[in-house]
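Notes follow once the structure below has been shown.
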Amino acid sequence: MEEVEKKSGFLPNVFKVMAHRPNEFRAFFAYYAVIMDKENGNLSKADKELIIVATSANNKCPYCVTAHGALHRIYSKKKTLADQVTINPELADLSPRDRAMLEFALAVAKPENITEEHFSQLEKHGFDREDAWDIAMVTAFFAMANRIAHLTDMRPNEEFYTLGRLPKEKSKESK
């Protein structure tokens, strides 16, 4: 937690909430690291953050939408795309690849079976079955995280609102 606080300049509320149960804290962040820090496959950090934004908007989770929207802005250098996806993914300025990725993620988020047609749509945009698995794991993990945020009434740290929108020095001044 000290490392995160030192690197970001603040301690995200998810760390404070999950610290309530140390074993669950360690398991939660260990799995987070496995799916988010994976180096192989066709998903970038920005892709994963956009999946989280779409999934979390679908689940109406203000904490995850705000926190991961900020991370998407930082990784992608796109200032408005996460906001567009939050408001209406169908109208967002998505590339065909990103649209296919998010449509698959949102299909996984629904209580229905994934079909060959879902996989075919991904494959048209250069994703394989391992990428589909990665998209599904990010979606599923954040469905759980969204529910923990709802259970605990977790609110976004104020710092997340300016991350990736303002230069680092200015965002620190706005505290």
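One is the number of the first residue; the rest follow in order along the sequence. As the structure is a computational prediction, the values presented were derived from the model and not from experiment.
- Aromatic ring centres of His68 and Phe142: separated by under 6.0 Å.
- Grouping the Ile, Leu, Val, Met, Phe, Trp and Tyr side chains by contacts below 4.5 angstrom, directly or via other members, places Tyr63 apart from Tyr161.
- Ion pairing of Arg165 with Asp83 is present here, as a side-chain N (NZ or NE/NH1/NH2) and a carboxylate O approach within less than 4.0 Å.
- Put simply, the side chain of Ile148 reaches to within 4.5 Å of the side chain of Met18, judged on heavy atoms.
- Ion pairing between Glu123 and Arg129 holds under the 4.0 Å rule for side-chain N and carboxylate O.
- Sorted by first and then second residue, the ring-ring contact (aromatic ring centres under 6.0 Å, His included) pairs with a member in residues 69-89 form an empty list; sequence neighbours excluded.
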Next on the checklist: Between Glu130 and Asn42, is the side-chain contact (heavy atoms from CB on, under 4.5 Å) condition met? List the steps.
Outcome noted: CA-CA 9 Å; Glu130 290 302 310; Asn42 291 314; over 6 Å; no
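- Rounding to the nearest 0.5 Å gives a distance of 9.5 Å between CD of Glu49 and OG of Ser76.
- For the pair Asp134 and Lys38, the minimum side-chain heavy-atom distance is below 4.5 Å.
- Under a hydrophobic clustering in which Ile, Leu, Val, Met, Phe, Trp and Tyr are joined whenever their side-chain heavy atoms come within less than 4.5 Å, directly or via other members, Phe15 and Val65 fall into different clusters.
- Atom CZ in Arg99 sits 10.0 Å away from atom NE2 in His125 (nearest 0.5 Å).
- With rounding to the nearest 0.5 angstrom, the CG atom of Asp47 is 8.0 Å from the CD1 atom of Ile135.
- Proximity of Asp131 to Leu122: side-chain heavy atoms (C-beta onward) are nowhere separated by under 4.5 Å.
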Next on the checklist: Before you tell me yes or no, could you show the steps for Val4 and Phe10 under side-chain contact (heavy atoms from CB on, under 4.5 Å), namely the whole-Å CA-CA distance, both residues' side-chain angles and the distance that decides it to 0.1 Å?
Outcome noted: CA-CA 8 Å; Val4 170; Phe10 68 99; over 6 Å; no
With a 3.5 Å cut-off and sequence neighbours excluded, list the donor-acceptor pairs that the side chains of residues 23-30 form with protein atoms.
unit_1, atom_1, unit_2, atom_2, d
Asn23, OD1, Arg26, NH2, 2.5
Glu24, OE2, Arg21, NH1, 3.2

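- For Lys78 and Asp93, the salt-bridge test fails: no basic side-chain N is under 4.0 Å from an acidic carboxylate O.
- Rounded to the nearest 0.5 angstrom, Lys110 NZ and Asn113 CG are separated by 13.5 Å.
- Taking the charged nitrogens against the carboxylate oxygens, Arg155 and Asp153 do have a contact shorter than 4.0 Å, which makes a salt bridge.
- Between the CZ atom of Phe127 and the CE atom of Met101 there is a distance of 5.5 Å, given to the nearest 0.5 Å.
- In this structure, Asn13 CG and Glu158 CD are separated by 11.0 Å, a value rounded to the nearest 0.5 Å.
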